[in-house]
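To start, the structure itself, in structure tokens.
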Amino acid sequence: MLRTIFPALAHAIDMNSCPTLHQEGTAKNIKDKLQVLSMAVVEAYNILPNLDLIVPCVMNKGIDFSVSSLSMVPGITIKPMLEKITNGIPQALKLFENKAFTCEYKYDGQRAQIHKLVDGSICVFSRNGGESTSRFPDLIDIFKGSSKSVASTFIMDAEIVDIDRKNGYRIMSFQVLSSRRRGGKDTLVDICIFVFDIMFANGEHPFKFCFQIEVDDACLTYEATLTKINAFLEDALCSSCEGILVKTLDVDAGYSPSKHSDKWLKVNYVEGLNDTLYLVPIGAWHENGRKAGWYSPFLMACFNPEAKKYQSVCCVMSRFSDSFYRFVKLMKELFSRDKVLSKKPPYYQTGVASDMWFCPQVVWEIRGAYFTVSLGLICITDVKMDYFLHLKKMGINFCASDRSPKECSAVANIVEMFHSQTRKMDATAGD
DNA sequence: ACTGCCTGCCC
DNA sequence: ATTCTGC
DNA sequence: GCAGAATGGGCAGGCAGT
């Protein structure tokens, strides 16, 4: 669309509106004009992704078309502004060097663009523009009750989060939120809405703010800023958030639809922040197609000294990447035929069935951002019966350890890590 | 009524 | 959501 | 560097078969 359709559209409009231009202007001139026009069309599409509305307008305005020729329309989703991922606060600070910025919690929920239409009805759209109004009747009630006199129309950006109001207003994970029954009422999963932007209200784009920067914060040193934001990130993680968003307040601040914009930075995982797990690959699945013959993913296990069993914890290398290719040779050696078992041995305890099983022979270092609880993977049943811990966002270090398989992480350590992690998942609700 | 399989839609 | 690829 | 396509994990729900 952006690279082909819209430039072509711009070209067509241009030729249609002033056919003489191509004889008059230089080639470069024409190219520049087309570039400007097609960028304007792209920009318009981002706030009004509906060609039935855009094309007539562009045809009418011709070469003079710009975003301001059109307005947002409640009921038609704006392409949501997206953030850029960073690997830590220092990187975020570097990107925002000498700029004013602010920080917000990034809640672990579902993005929602909430519209109030001209007829007064409330509509909810997902990140990808899908209608999800029917999934959140309670949201509709909240807005119908509270927004009557405030605005006749609006478009706002928000995060819908699951909150346990009966249990200290604890914010629950996305996993729990998505377990809501679709379509109808659901009394089990209560929600809360965090609005973080208003792009449109009463027919206008009201919020082109000039931000006033607090003087004291503007004077902080780098170290003081880092400390402050670190504390804020820590707060966010302790509040069951996924991390924080760092948003610029500089002159270029504003809503940029559809862009993985440098104006919003996400910090949700800091390398080295978490403990390393030492896990043993006990099984693997075959890849298909042209990757046939290779293993992916690997099933990783820890050791339970009491049961004298290996218990699966997570899968790693669930897809191929550059780093994987570097270790293909190593894999082949490690799991050559004599190391492959004919069937799952009794000292492997797992709820999943991998294609093949290996002798316990090496230990890999695995780091992860946090644990979730799921039905699929293994083994730590003292967390919640029938549910299993699952390490999320893991990375792997193949330069691993001289440890022997029985010196890998013990199941008790992993349970302890789960209980002490700052994110409190559903599984701990019974504590 | 239960199951596995598949889809669609979230992240 | 992340990751890879072609432009 | 960007946009698009391809991938993963997880959820509810539809549907066919038993």
Side-chain angles (χ1 to χ4, degrees), chain A residues 1-7 35 38-39 41-43 45-46 49 77 79-87 95 106-113 124-136 139 158-162 172-186 188-189 191 240-243 245 256-262 264 266 268-269 285 287-291 294 296-299 313-325 351-353 368-378 387-396 423 425-427:
Chain A
M1 286 285 263
L2 274 63
R3 282 183 185 215
T4 54
I5 306 291
F6 289 140
Q35 171 102 15
S38 90
M39 283 188 40
V41 174
V42 169
E43 221 177 321
Y45 187 79
N46 284 334
T77 53
K79 297 287 182 184
M81 183 167 173
L82 304 170
E83 72 284 353
K84 183 176 176 177
I85 299 168
T86 63
N87 62 16
L95 287 165
K106 183 172 194 313
Y107 291 94
D108 182 23
Q110 179 173 339
R111 187 84 172 261
Q113 200 174 98
V124 184
F125 298 92
S126 72
R127 177 203 191 89
N128 294 322
E131 257 263 21
S132 46
T133 312
S134 63
R135 288 188 56 185
F136 301 103
L139 183 154
E159 192 82 6
I160 298 174
V161 175
D162 175 27
M172 312 303 284
S173 66
F174 167 76
Q175 209 180 358
V176 181
L177 177 68
S178 61
S179 73
R180 263 171 88 102
R181 303 292 168 210
R182 310 286 157 89
K185 296 217 155 59
D186 191 320
L188 293 176
V189 179
I191 59 167
S240 298
C241 287
E242 194 187 326
L245 282 177
S256 303
S258 179
K259 291 215 169 93
H260 270 109
S261 168
D262 290 350
W264 287 4
K266 179 168 77 174
N268 66 340
Y269 172 60
W285 282 262
E287 262 293 5
N288 298 317
R290 64 195 173 85
K291 305 283 178 62
W294 292 347
S296 169
F298 285 86
L299 182 61
V313 174
C314 63
C315 294
V316 295
M317 306 302 292
S318 55
R319 49 184 315 221
F320 289 99
S321 66
D322 290 347
S323 65
F324 180 84
Y325 285 100
V352 295
Y370 55 89
F371 292 101
T372 63
V373 178
S374 74
L375 282 165
L377 279 170
I378 305 318
Y387 277 77
F388 305 116
L389 269 184
H390 190 181
L391 189 61
K392 302 295 283 194
K393 291 186 189 295
M394 45 292 208
I396 183 163
R423 294 174 59 92
M425 295 303 176
D426 178 42

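Just so it is clear, the values below take in all heavy atoms, side chains as well, and ignore hydrogens, waters and symmetry mates. Letters A, B, ... are given to chains in the order of the sequence lines, protein chains preceding strands, and every chain is numbered from 1.
- Partners of A/Lys106 by salt bridge (Lys or Arg N to Asp or Glu O under 4.0 Å), not counting sequence neighbours, listed by chain and number: A/Glu242.
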Derivation and outcome, side chain to side chain contact (heavy atoms under 4.5 Å, CB included), residues A/Leu82 and A/Arg111:
CA-CA 11 Å; A/Leu82 304 170; A/Arg111 187 84 172 261; 4.3 Å; yes
Show the distances under 3.5 angstrom between N or O atoms of the protein and N or O atoms of nucleotides 1-3 of chain D.
| unit_1 | atom_1 | unit_2 | atom_2 | d |
| --- | --- | --- | --- | --- |
| D/dC2 | O2 | A/Arg3 | NH2 | 3.4 |

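- At most 12 heavy atoms of other shown residues, nucleotides or ligands fall within 6.0 angstrom of atom CD in A/Gln35.
- Here the P atom of nucleotide D/dA12 and the CG atom of A/Asp162 are 13 Å apart, to the nearest Å.
- Judged purely by atom type and a 3.5 angstrom limit, A/Glu131 has no side-chain atom pairing as donor or acceptor with the backbone of A/Phe125.
- With a 4.5 Å cut-off on side-chain heavy atoms, A/Leu95 and A/Asp262 do not count as touching.
- The main-chain N or O of A/Val124 is found under 3.5 Å from a side-chain atom of A/Thr133 such that the two form a donor-acceptor pair.
- Dashed line: the shortest gap from a side-chain N or O of A/Arg180 to OP1 or OP2 of D/dA12 is not under 4.0 Å.
- Put simply, the side chain of A/Lys84 does not reach to within 4.5 Å of the side chain of A/Lys266, judged on heavy atoms.
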Set out, in order, the CA-CA distance, both residues' side-chain angles and the distance that settles side chain to side chain contact (heavy atoms under 4.5 Å, CB included) for A/Val161 and A/Leu177, then state yes or no.
CA-CA 7 Å; A/Val161 175; A/Leu177 177 68; over 6 Å; no
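- Counting any heavy atom pair closer than 4.0 Å across all strands shown, A/Ile85 reaches sugar-phosphate atoms only and no base atom.
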Which pairs, protein N/O on one side and nucleotides 8-11 of chain B N/O on the other, fall under 3.5 Å?
| unit_1 | atom_1 | unit_2 | atom_2 | d |
| --- | --- | --- | --- | --- |
| B/dC10 | OP1 | A/Ser126 | OG | 3.4 |
| B/dC10 | OP2 | A/Ser126 | OG | 3.1 |
| B/dC11 | OP1 | A/Arg111 | N | 2.8 |

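- Considering only the side chain of A/Lys266, C/dT2 comes nearest among D/dG13, D/dC11, C/dT2.
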